[in-house]
Q: 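Here it is: the structure, laid out below.
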Amino acid sequence: MADIDQSKWNVEASQFFCRLEQVVPSYGIARFFHEAGEKVVFKLEPTQKESMAGVVRLVAEASPWQPGMAPEIIGTVKVKADDKQISVKSDYAGEMLIALYRGMSPTFTINGWLGSDEVLRVALSAANFQKSYNDYIECVDRLLPVNYRQVARTAVLFPPAQWRLSDSTKERLDLIVQYIKADNKVASVYVDGHSDNAGRRLLNRDLSKQRAEEVTRYLAAQGLDEKVITTRYHGERYPVVANTSASNRARNRRVTIRLERN
């Protein structure tokens with residue numbers, strides 16, 4: 001655990017992620033990571049990737065300046081031998097942040113350190129935490145609503161014989177446009193129209209064309225540069241599932257939007 005005068009919390013901020021971390025002397029890095037569109041997670045990463053396995057206890061303990069305060073159990077974390085780090089799920093990570101804000105010290109107790117009978121205790125220091133936490137929260141407030149993985153491959157669906165965009169489809173496309181405008185690494189957007197196999201093949205091809213072009217028009221109307229958009233249409237040629245039921249045909253009446261980064 002870092003001494004009070006050594007304790008330092010560093011914040012790295014962007015629209016895409018927020019990182020809050022502390023160096024744990026003689027051990028490694030304690031890191032909270034909040035990605036756009038996701039919940040905060042925590043990782044305790046040793047400098048030396050020693051093998052550890054088993055159940056790790058996580059308890060919020062009183063800091064040196066909190067005599068008499070009772071510890072609070074947060075939970076246990078299972079670690080596999082090939083993990084090489086301790087990963088904490090979002091609800092525990094949130095409890096850890098609350099404990100640190102209250103001045104307490106989240107502490108990990110690890111049995112069988114380096115394959116021995118020794119018990120290792122690794123603690124996060126709450127000293128100098130609150131200012132960095134305020135900067136971290138400001139970063140979280142500015143995060144995009146989605147990340148690249150959540151918008152890189154998107155399919156929007158259509159009712160039978162329809163090509164107009166629903167309100168829910170427009171909301172999804174708005175998120176895609178918002179992300180693309182923020183990420184200058186996105187170089188290409190591919191819009192592909194599809195249909196089910198109900199009706200004549202040529203009519204289905206025209207319908208898939210109308211659907212794709214309607215999506216492209218909407219993206220452009222929201223400020224997306226049409227030069228980066230490639231619009232294609234395929235009719236019933238590429239179903240994602242066999243057209244053997246109403247629910248399957250509904251999945252095939254779609255336009256897919258695919259982003260490609262440099």
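Quantities reported herein were computed from a predicted structural model and do not represent experimental measurements. Sequence positions, counted from 1, serve as the residue numbers for this chain.
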Q: Give, for atom CD of E171 and atom CG of L165, the distance between the pair rounded to the nearest 0.5 Å.
A: 12.0 Å

Q: Could you tell me the separation between the CG atom of N10 and the CD atom of Q22, rounded to the nearest 0.5 Å?
A: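 Rounded to the nearest 0.5 Å, the CG-CD separation comes out at 9.0 Å.
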
Q: Could you please spell out the steps behind the side-chain contact (heavy atoms from CB on, under 4.5 Å) verdict for Y136 and V40?
A: CA-CA 11 Å; Y136 165 79; V40 62; 3.3 Å; yes

Q: Would a hydrophobic clustering, with Ile, Leu, Val, Met, Phe, Trp and Tyr connected at side-chain separations under 4.5 Å, put W163 with V255?
A: no

Q: Closer than 4.0 angstrom, basic N to acidic O: yes or no for R200 and E236?
A: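 Salt bridge absent between R200 and E236.
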
Q: Exactly one of F129, Y92, F42 should register a side-chain contact (heavy atoms from CB on, under 4.5 Å) with L97. Which one does?
A: F129

Q: Could you go through T216 and E226, starting from their C-alpha distance and side-chain angles, then the distance that decides it, and tell me whether this counts as side-chain hydrogen bond (donor to acceptor under 3.5 Å, both in side chains)?
A: CA-CA 8 Å; T216 295; E226 289 190 68; over 6 Å; no

Q: Between atom CZ of R232 and atom NE2 of H194, what is the distance when rounded to the nearest 0.5 Å?
A: 8.5 Å

Q: Using the ring of Y190 (Phe, Tyr or Trp, six-membered ring only), decide whether R258 places NZ or CZ under 6.0 Å from its centre and within 45 degrees of its axis.
A: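 R258 over Y190 ring: yes.
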
Q: With a 4.5 Å limit on heavy-atom distance, are the side chains of L100 and W9 in contact?
A: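 A side-chain contact under 4.5 Å exists here.
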
Q: Give a yes/no verdict on a cation-pi contact between R261 and Y148, requiring under 6.0 Å between NZ or CZ and the six-membered ring centre and an angle within 45° of the axis.
A: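 Yes; both conditions hold, so R261 lies above the ring face of Y148.
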
Q: Using a distance-only test with no angle check, is there a side-chain donor-acceptor pair under 3.5 angstrom linking E213 and T231?
A: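 The answer is no; no qualifying pair exists.
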
Q: E21 pairs by salt bridge (Lys or Arg N to Asp or Glu O under 4.0 Å) with which of K8, K43, R31?
A: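 It is R31, the one option of K8, K43, R31 that forms the salt bridge (Lys or Arg N to Asp or Glu O under 4.0 Å) with E21.
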
Q: Give the cluster check for M96 versus V41: same hydrophobic cluster or not, with ILVMFWY residues linked at side-chain heavy-atom distances below 4.5 Å.
A: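 Per the 4.5 Å side-chain linkage, M96 and V41 are not co-clustered.
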
Q: With a 4.5 Å heavy-atom cut-off, do R254 and V156 have their side chains touching?
A: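 No, side chains not in contact.
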
Q: Would you sort out whether N147 and Y179 count as a side-chain hydrogen bond (donor to acceptor under 3.5 Å, both in side chains), showing the intermediate values?
A: CA-CA 7 Å; N147 59 54; Y179 182 86; over 6 Å; no

Q: Any chain of hydrophobic side-chain contacts (each under 4.5 Å) joining I180 to V215?
A: yes

Q: Salt bridge or not for R211 and E214, using N-O below 4.0 Å?
A: no

Q: Verify whether one side chain among N204 and N197 offers a donor that lies under 3.5 Å from an acceptor in the other.
A: no

Q: Do we see a donor-acceptor contact under 3.5 Å between the side chains of D192 and Y238?
A: no

Q: Any chance you could measure R217, atom CZ, to Q222, atom CD, to the nearest 0.5 Å?
A: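 Interatomic distance, R217 CZ to Q222 CD, rounded to 0.5 Å: 13.5 Å.
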
Q: Got a second to check how far W65's CH2 is from S105's OG, nearest 0.5 Å?
A: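 Answer rounded to 0.5 Å: 8.0 Å.
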
Q: Are any non-hydrogen side-chain atoms of I229 and L224 less than 4.5 angstrom apart?
A: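 The answer is yes; the side chains approach within 4.5 Å.
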
Q: In the hydrophobic clustering (ILVMFWY, side-chain contacts below 4.5 Å, transitive), which residues join M69, or is it alone?
A: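 Direct or chained contacts put M69 with M104.
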
Q: Might you point out which heavy atoms bring T76 and V55 nearest each other, and give the distance in Å?
A: CB-CG1, 3.6 Å

Q: Do L44 and I29 make a side-chain contact, defined as non-hydrogen atoms from C-beta onward lying under 4.5 Å apart?
A: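 L44 vs I29: side chains apart.
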
Q: Is K131 salt-bridged to D135, going by a charged N under 4.0 Å from an acidic O?
A: yes

Q: Working to the nearest 0.5 angstrom, can you tell me the gap between L20 CG and H34 NE2?
A: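 The distance works out to 12.5 Å.
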
